[in-house]
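Proteins come first, then strands; the chains are lettered A, B, ... in the order of their sequence lines, and each starts at number 1. Note that this is a predicted model, so its numbers are computed, not measured.
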Amino acid sequence: MLHEISLTVNGDHYTLAVHSHHTLLQVLREQTGITSPKRGCENGECGACTVILNGLPVNSCLVLAPEADGAVVETVESLNKGGTLHPLQEAFIEHNAVQCGFCTPGMLMSSKALLDRIPNPTEDQIRDALVGNLCRCTGYLRIIEAILDVAGSCDEP
Amino acid sequence: MRAFNYCRPTSYGEAFHWLAGADQLVVPVAGATDLIPRIRDGLLRPDVVLDIKDLPDMRALTPTDGRLTSGEGVPPGLYVGAAVRMNELARSELVSSRWGVLAMAAASMGNEQVRNRATIGGNICTASPAADTAPALYVLEAAVCIKGPDGDRTVAIADFFAGPRKNALHRGELVVGLTIPQPPEGSIGHFEKLSRRKAGDLSIVSVAALAVRTDAGYRWRLALGAVGPTPLRSPESEAILSESLTDEAIDRAAASAYGCCCPISDIRSGLEYRQAMVINLTRHAIHAVMAQMPTP
Ligand SMILES: Cc1cc2nc3c(=O)[nH]c(=O)nc-3n(C[C@H](O)[C@H](O)[C@H](O)COP(=O)(O)OP(=O)(O)OC[C@H]3O[C@@H](n4cnc5c(N)ncnc54)[C@H](O)[C@@H]3O)c2cc1C
Ligand code: FES
Ligand code: FES
């Protein structure tokens with residue numbers, strides 16, 4: 001069955017006809033053409049599909065499409081909307097926190113959500129926030145270092 | 001995913017009308033973190049998925065000074081709507097103030113993304129023996145508030161879990177929330193779980209302990225998860241600990257906890273390991289509670 005939904009993705013407004021049994025991940029990738037949320041496990045385990053939904057990081061593979069009616073969604077494309085990279089993106093590059101890049105959009109959205117909630121997280125808080133984001137090539141240390149770097153720089157006036 | 005319809009009623013009348021449909025399978029959904037994987041795996045084939053999150057009071061999280069409780073003489077406590085999410089529980093000052101064992105259990109579940117979606121109603125309705133909020137709700141002696149087309153009823157949490165993936169709901173009923181009595185001032189709770197990863201996975205064994213403050217000392221409650229067809233209390237361990245907290249008593253209490261569980265082997269752990277870990281985790285939980293007791 002089709003539902004007409006309206007949602008805001010990265011500040012842009014969309015009105016779409018979506019299937020009941022599709023997920024937000026499918027809607028983003030197939031109907032808005034925003035392909036940064038990746039389809040990994042489709043089971044809530046890997047976090048490659050992480051987006052920020054109404055301010056909270058969630059697995060878009062576990063959100064039914066019609067539920068996104070009225071939602072505000074942020075994907076990694078929102079981070080460099082003005083044409084300049086977000087400090088987290090700069091730090092990921094600087095710390096070589098990206099290899100194949102498949103996990104990176106999800107990692108960045110989880111990190112962004114963490115910094116929105118706790119501007120100066122401890123390493124433990126960072127690890128906790130990333131439990132649901134798996135990376136199979138970079139390893140987690142560089143990613144954690146990159147986030148710590150940005151978190152530390154929030155101290156500066 | 002296999003096709004189904006989706007509806008999101010805003011009144012119970014509308015919800016029960018959908019749920020009464022005899023010719024189709026109508027399945028409630030809250031956070032969908034359990035439901036979507038089960039539909040994907042072909043374990044469930046709903047015709048309609050009924051989103052309960054917009055029904056009245058499903059998201060309430062409030063002290064019960066009479067409001068929102070059905071029965072007479074309900075003690076002051078906490079009312080948690082069925083659609084309250086794990087991170088809301090884990091980060092609520094109200095919950096941590098007196099029901100900390102529940103906040104700890106909620107914080108231990110899955111990962112950040114899952115906790116932002118998974119609800120307490122969904123967690124208990126799965127009736128998984130490993131449902132992590134269950135041991136906490138057992139020691140807090142929560143009651144499950146159920147609404148159906150024929151009226152409301154309340155079921156003790158221990159009677160709500162009927163067997164692996166079997167709950168006490170009748171066809172067409174919904175869980176609307178839980179009432180949780182307030183433990184007396186000075187009570188101490190702790191939740192501990194063991195999983196394959198340090199975080200992000202279901203429990204191999206989980207333990208909740210609550211030392212309820214009394215005039216004479218503490219009355220203990222102890223519940224275990226993932227080691228039987230349902231979560232369970234260990235009455236013998238509770239009696240031992242309420243009597244004495246010597247090392248010898250703690251050993252006997254842990255042995256009694258081992259005695260009352262009947263675990264299985266599964267993908268997460270073998271039977272023998274589970275049994276051994278019941279003893280260890282029970283001990284940890286007891287010591288963690290004792291560490292918070294004021295020194296006389
Ligand atoms: C990656 C991952 C990790 C997980 N880790 C854990 C963990 O560590 N510990 C743990 O306990 N669980 C874990 N889970 C399982 C799951 O997230 C939880 O059980 C969660 O609380 C389910 O809640 P939900 O709101 O998402 O339920 P849903 O998926 O929406 O529903 C679950 C079931 O309950 C029924 N239901 C839901 N609400 C109601 C209601 N109000 N009335 C009647 N029926 C209802 C649904 O029909 C369905 O059958 C994990 C899941 C994932 C994907
Ligand atoms: S694709 Fe959503 S968590 Fe893996
Ligand atoms: S960079 Fe390849 S999965 Fe993380």
Handout entry: Full working for side-chain contact (heavy atoms from CB on, under 4.5 Å) between A:Val131 and B:Arg197
Key = CA-CA 10 Å; A:Val131 162; B:Arg197 295 176 68 195; 4.2 Å; yes
Practice task
Identify which part of B:Asp51 has an atom lying under 4.5 Å from any heavy atom of chain A, answering side chain, backbone, both or neither.
Solution key: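 Contact with chain A: side chain only.
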Problem - Contact origin within B:Val48 toward chain A - heavy atom pairs under 4.5 Å - result: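 Contact with chain A: none, neither part.
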Does a side-chain heavy-atom distance below 4.5 Å link [X] with [Y]?
X: A:Arg117; Y: B:Asn87; result: no
X: B:Arg117; Y: A:Leu53; result: yes
X: B:Gln113; Y: A:Leu62; result: no
X: A:Leu64; Y: B:Met1; result: yes

Does [X] have more than 12 heavy atoms from other residues, nucleotides or ligands lying within 6.0 Å of its [atom1]?
X: A:Arg142; atom1: CZ; value: no
X: B:Lys166; atom1: NZ; value: no
X: B:His287; atom1: NE2; value: yes
X: B:Tyr273; atom1: OH; value: no
X: A:Arg136; atom1: CZ; value: no

Handout entry: Modelled atom types, side-chain donor and acceptor of B:Asn111 and A:Glu45, under 3.5 Å
Key =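 Looking only at side-chain atoms, A:Glu45 and B:Asn111 do not form any donor-acceptor pair under 3.5 Å.
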Exercise for the section: Considering only heavy atoms and a distance below 4.5 Å, find which of A:Ser110, A:Gly44, A:Gly132 pairs most often with chain B. Expected result: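 The candidate making the most pairs under 4.5 Å is A:Gly132.
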Exercise for the section: Select, from A:Asn43, A:Val63, A:Asp128, the one with the greatest count of heavy-atom pairs under 4.5 Å involving chain B. Expected result: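 Maximum pair count with chain B is reached by A:Val63.
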Problem - A:Pro57 backbone acceptor or donor facing B:Asn116 side chain under 3.5 Å - result: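 Side chain of B:Asn116 to backbone of A:Pro57: a pair is present.
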Problem - Reported CG-to-CZ distance for the pair A:Asp69 and B:Arg8, which is rounded to 0.5 angstrom - result: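 Atom-to-atom, A:Asp69:CG and B:Arg8:CZ are 8.5 Å apart.
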Exercise for the section: Could you check which of B:Arg2, B:Glu112, B:Arg91 has the highest count of heavy-atom pairs closer than 4.5 Å to chain A? Expected result: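 The residue among B:Arg2, B:Glu112, B:Arg91 with the greatest pair count is B:Arg91.
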Problem - Contact class of A:Leu134 relative to chain B, heavy atoms under 4.5 angstrom - result: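 Only the side chain of A:Leu134 comes within 4.5 Å of chain B.
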Problem - Matching residue for B:Tyr6 among A:His21, A:His22, A:Met1, A:Glu67 - test: side-chain contact (heavy atoms from CB on, under 4.5 Å) - result: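 That would be A:Glu67.
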